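Worksheet: the structure to be examined is printed underneath.
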Amino acid sequence: MAKRDFYEVLGIAKGASAEEIKKAYRAKAKELHPDRAQDNPNAEAQFKEVNEAYDVLKDADKKAAYDRFGHAAFEGGMGGGPRGGGYGQGDFASAFSDVFEDLFGDFMGGRGGGPGGRTRATRGSDLRYNMRVTLEEAFKGAQKTINVPGSSACTACNGTGAEGGAEPQTCPTCSGLGKVRAQNGFFTVERTCPTCGGAGQVVKNPCHVCHGAGRVEKERTLSVNIPAGVETGTRIRLAGEGEAGMRGGPAGDLYIFIEVREHAIFQRDGVNLYCRVPVSLISAALGGEVEVPTIDGGRSRVKVPAGSQSGRQMRLRGKGMPALRGGGTGDMVIEMAVETPVNLTSRQKELLREFEKIEAENNPEGASFFKKVKHFWDTMKG
């Protein structure tokens, strides 16, 4: 039976790119996978045909020979093309092994990390540090010193894990791949190499300090710059200050999570600050001035309009918090709380009664209301 054109098998044009060839192959391989094509009695033969076509077209030299001579490039006296050996059909188990590697190799770690197989180096873990700062520190910014428990690269072996800093050797069991295969019928099962634990390399003479890990437990002291404008939930990243990598791998990162403590006077809402300021009854009625503290440590005088009531708000422009990434400064909002005088002297009480009498003469409706309220409370007390 004559062989079908390899481009036709994969359903692509003759001038298809390497990426298009690979994409078409994956689609066909998934379509003819044993788990998906159980109702197709020709799936195995078609699968072999697809794998055979891809084996030629994915190789630049074989593809060039095929484009020039067709199937004859690999038959009779033509040998195996530029690389020799022909392509043959092989068996279904071998074909499925190739599909598994091509489809899932990247997900499972690939075919290794170069001449030595998978890289032995492993990136260190990221670390988290919770830091509490005062509102004043969040306003001005601060320089903090912290102690971070964790691991650092072993200085005795320079992080290699081998005594004297010697380079580890390629694992003899997996030949540096970090994984081994076991074939069972049509299926090939991959598992982590039991000798090197997936590293692809082994240390014959482990470092006496880190015992082959390439890192040791060590507490480090770091200086952290807290920028002005931080708030609860702000995250600061210190690159390379996390856990040390395994066997010379890069270190992870350290993330500082900020929590701003509650303030005794100010409440914060974004870049704005709020505070309640006590105002005397006289100042509220006649008008006056009050002195209020500000977050920068200074004090500001604020005019109180005559007739002010509790809850009235005044705004001081630019006296709030700075924006973390620029964009100006917020405001400080003052809420007045009118204080009722207590522990009055006889003279003060007399003056207030006189004031009530004058108020009643000038505002009969208001006086009637006050009398009703007073009668209500007298009744309740009785």
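Because only heavy atoms are used, hydrogens play no part in the values below, and waters and symmetry mates are left out as well, while side chains stay in. What you see is a predicted model, and the numbers here were worked out from it, not measured in a lab.
In this structure, the separation between NZ on Lys140 and CD1 on Ile295 is 8.5 Å, given to the nearest 0.5 Å. Here Asn225 contributes atom CG and Gln143 contributes atom CD; the two are 4.5 Å apart, rounded to the nearest 0.5 Å. The OG1 atom of Thr221 sits 4.0 Å away from the CG atom of Asn147 when rounded to the nearest 0.5 Å. Atom NZ of residue Lys179 and atom SG of residue Cys171 lie 13.5 Å apart, to the nearest 0.5 angstrom. Taking NE2 from His211 and SG from Cys154, the interatomic distance works out to 9.5 Å, rounded to the nearest 0.5 Å. Note that CG of Leu10 is 7.5 Å distant from CD1 of Ile21, once rounded to the nearest 0.5 Å.
With no hydrogens or angles considered, a side-chain donor-acceptor pair links Tyr66 and Asp5 at under 3.5 Å. Under 3.5 Å, the side chains of Ser300 and Glu291 contain no donor-acceptor pair of N or O atoms.
Between Cys207 and Glu163, the shortest heavy-atom contact is CA-OE1, 3.3 Å. Across every non-hydrogen atom of Val202 and Cys196, the tightest pair is CG1-CB, 3.8 Å. What you find for Val216 and Cys210 is that their closest heavy atoms are CG1-CB, 3.8 Å. Ser310 and Val338 get closest at one heavy-atom pair: OG-N, 2.8 Å. The shortest non-hydrogen separation linking Gly124 to Arg215 is CA-NH1, 4.5 Å. Arg181 approaches Glu190 most closely through the heavy-atom pair NE-OE2, 3.0 Å.
The pair Arg347-Glu350 meets the salt-bridge criterion, with a side-chain N (NZ, NE, NH1 or NH2) lying under 4.0 Å from an Asp/Glu carboxylate O. Note on Arg123 versus Asp126: salt bridge recorded, some NZ/NE/NH1/NH2 to OD/OE distance being below 4.0 Å.
In the displayed structure, Gln309 atom CD is contacted under 6.0 Å by at most 12 heavy atoms of other residues, nucleotides or ligands. Atom CD of Glu262 is surrounded by 12 or fewer heavy atoms from other residues, nucleotides or ligands within 6.0 Å. Counting heavy atoms of neighbouring residues, nucleotides and ligands inside a 6.0 Å radius, atom CZ of Arg299 exceeds 12 of them. Atom CZ of Arg301 has more than 12 heavy atoms from other residues, nucleotides or ligands within 6.0 Å. A 6.0 Å sphere centred on CD of Glu289 holds more than 12 heavy atoms belonging to other residues, nucleotides or ligands.
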(request) Report the C-alpha separation of Tyr274 and Met332 in whole Å, then their side-chain angles, then the decisive distance to 0.1 Å, and conclude whether the side chain to side chain contact (heavy atoms under 4.5 Å, CB included) test is met. (result) CA-CA 6 Å; Tyr274 294 81; Met332 176 176 166; over 6 Å; no
(request) Could you please spell out the steps behind the side chain to side chain contact (heavy atoms under 4.5 Å, CB included) verdict for Lys28 and Gln46? (result) CA-CA 9 Å; Lys28 289 288 185 181; Gln46 292 172 353; over 6 Å; no
(request) List the steps, then state whether side chain to side chain contact (heavy atoms under 4.5 Å, CB included) holds for Tyr129 with Ile146. (result) CA-CA 9 Å; Tyr129 187 95; Ile146 61 174; 3.7 Å; yes
(message) I'd like to know whether Arg4 forms a salt bridge (charged side-chain N to carboxylate O under 4.0 Å, His left out) with Glu49, so could you lay out the CA-CA distance, the side-chain angles of the two residues, the decisive distance to 0.1 Å, and finally the verdict.
(response) CA-CA 9 Å; Arg4 285 202 299 159; Glu49 187 180 35; 3.2 Å; yes
(request) For Val224 and Ile226, run side chain to side chain contact (heavy atoms under 4.5 Å, CB included): C-alpha distance rounded to whole Å, both residues' side-chain angles, the deciding distance at 0.1 Å, then the answer. (result) CA-CA 6 Å; Val224 182; Ile226 308 300; 3.8 Å; yes
(request) Report the C-alpha distance between Asp67 and Tyr7 in whole Å, list the side-chain angles of each, state the deciding distance to 0.1 Å, and finish with yes or no for side chain to side chain donor-acceptor pair (under 3.5 Å). (result) CA-CA 10 Å; Asp67 288 344; Tyr7 291 100; 2.6 Å; yes
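Considering Leu316, Val290, Leu273, Val279 as possible partners of Ile334, the one that fulfils the side-chain contact (heavy atoms from CB on, under 4.5 Å) test is Leu316.
At least one side-chain heavy atom of Thr134 sits less than 4.5 Å from a side-chain heavy atom of Glu137. The shortest distance between side-chain heavy atoms of Lys319 and Asp296 falls below 4.5 Å. For the pair Val133/Ile258, a side-chain contact is recorded, criterion being any heavy-atom separation below 4.5 Å from C-beta on. Residues His263 and Glu136 have side chains in contact (heavy-atom distance under 4.5 Å, counting atoms from C-beta outward). In this structure, Leu254 and Ile256 have side chains that are in contact, with non-hydrogen atoms separated by less than 4.5 Å. Looking at Arg268 and Met321, their side chains come closer than 4.5 Å, going by heavy atoms from C-beta outward. Looking at Lys22 and Lys58, their side chains never come closer than 4.5 Å, going by heavy atoms from C-beta outward. Residues Met131 and Lys144 have side chains in contact (heavy-atom distance under 4.5 Å, counting atoms from C-beta outward).
A cation-pi arrangement is found for Arg128 relative to Phe257, the charged atom lying closer than 6.0 Å to the ring centre and inside a 45° cone about the ring normal.
If you chain together hydrophobic residues whose side chains sit under 4.5 Å apart, Val180 and Leu177 never meet in one group. Clustering ILVMFWY residues whenever any of their side-chain heavy atoms sit less than 4.5 angstrom apart, transitively, puts Phe266 in the very cluster that holds Val302. Linking Ile, Leu, Val, Met, Phe, Trp and Tyr residues whenever their side-chain heavy atoms come within less than 4.5 Å leaves Ile236 and Tyr255 in two separate clusters. Clustering ILVMFWY residues whenever any of their side-chain heavy atoms sit less than 4.5 angstrom apart, transitively, puts Leu127 in the very cluster that holds Leu222. No chain of hydrophobic side-chain contacts below 4.5 Å, direct or via other Ile, Leu, Val, Met, Phe, Trp or Tyr residues, connects Ile265 to Val333.
Remark: side-chain polar atoms of Asn42 are not paired, donor with acceptor, to backbone N or O of Ala45 under 3.5 angstrom. Panel note: side chain Glu241, backbone Leu238; no donor-acceptor pair is recorded below 3.5 Å. The closest donor-acceptor contact from the side chain of Ser283 to the backbone of Gly287 lies at 3.5 Å or more, if one exists at all.
Between Tyr54 and Tyr25, the ring-plane angle classifies as parallel under the 30° and 60° cut-offs.
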